[in-house]
Amino acid sequence: MRNFLVIVFVAVTLSGCGALGTYNPATQRRELIFISTPEEISMGQKIHQQLMKEEKLSRNPALIARVNRIGQKLALVSDRQDYEYHFYVIEKSDLNAFTVPGGNIYIYTGLLEKLTTDDEVAAVLAHEIGHCSARHTIKKYQAALGYNFVGDIILNKLNLGTNMKQIASLSSDALSSLVFSAYSRSDEYQSDKLGLKYMDLAGYDLNGMVKSFEALEKAGEKGSAPVFLRSHPYISDRIRAVKEEIAQMGPAGGSL
Ligand SMILES: [Zn+2]
């Protein structure tokens, strides 16, 4: 294992990444991402095609326009601007929203029905944009597929072009199977925090995040388990953390 890490270290250093990885302004850390943005987008397209075979998009033009209007406003202030964000409304009663590689964000009509104001809708979308900008989504994929990628990169003496071939060879099923795999708790907290930052920059009321979580908590108590929260930290802990963050962001952050 130690040898393997040494090889990775040498490989990465030689690759011209400089001091281990690339700086990510969202996480404020250097990160090792082996999948390039074009590769990520191509993965996203494959997953989207697969999702469209399984899910039905909403045909409600007002709802689609609303999600896009709010989503694009938030996307404009995201820390990650090297791809375009796309927002899709899926006709399904589940209380869920998720993001896949390449900047595609999906929200179910069931979840939208529980949210009242634009601020609450913005909270959910901003959280998902947080996963994009912090590169949680691609890191999750990289971790699951990583063994092959890293092995391939080393064996091919850092010929990153082979990455593309490997991604192209992955089936849509294999990629889609990872869509709902969980993020870590720290990733979820970080996305809430980034979500608040983007809501603030886009001019939304930060308390929309508290209210959206409370609405989901209430729905959960009534029995319809919010999928959006199932893999996430306890909702009460998230609400507390979000309230603390809003307080730290100062008087401009949210008006109770
Ligand atoms: Zn999340």
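Since this is a predicted model, take the numbers as computed values, not measurements. Counting starts at 1 for both ligands and their atoms, following the listed order.
If you look at Glu188 and ask which of its N, O or S atoms sits nearest the Zn ion (ligand 1), the answer is OE1. Checked against the Zn ion (ligand 1), the N, O or S atom of His127 at the shortest distance is NE2.
The aromatic rings of Tyr106 and Tyr88 sit parallel to each other, their planes meeting at less than 30°, with 60° as the upper class boundary.
The Zn ion (ligand 1) lies at 2.8 Å or more from every N, O or S atom belonging to Asp187. The distance from the Zn ion (ligand 1) to the nearest N/O/S atom of His131 is under 2.8 Å.
Taking the side-chain contact (heavy atoms from CB on, under 4.5 Å) definition, one finds that Gln81 meets it with Ser78, sequence neighbours left out. With sequence neighbours excluded, the residues that form a side-chain contact (heavy atoms from CB on, under 4.5 Å) with Thr37 are Ile41, Arg80, Asp82, Tyr83, Arg135.
A donor-acceptor pair shorter than 3.5 Å cannot be found between the side chains of Ser191 and Tyr183.
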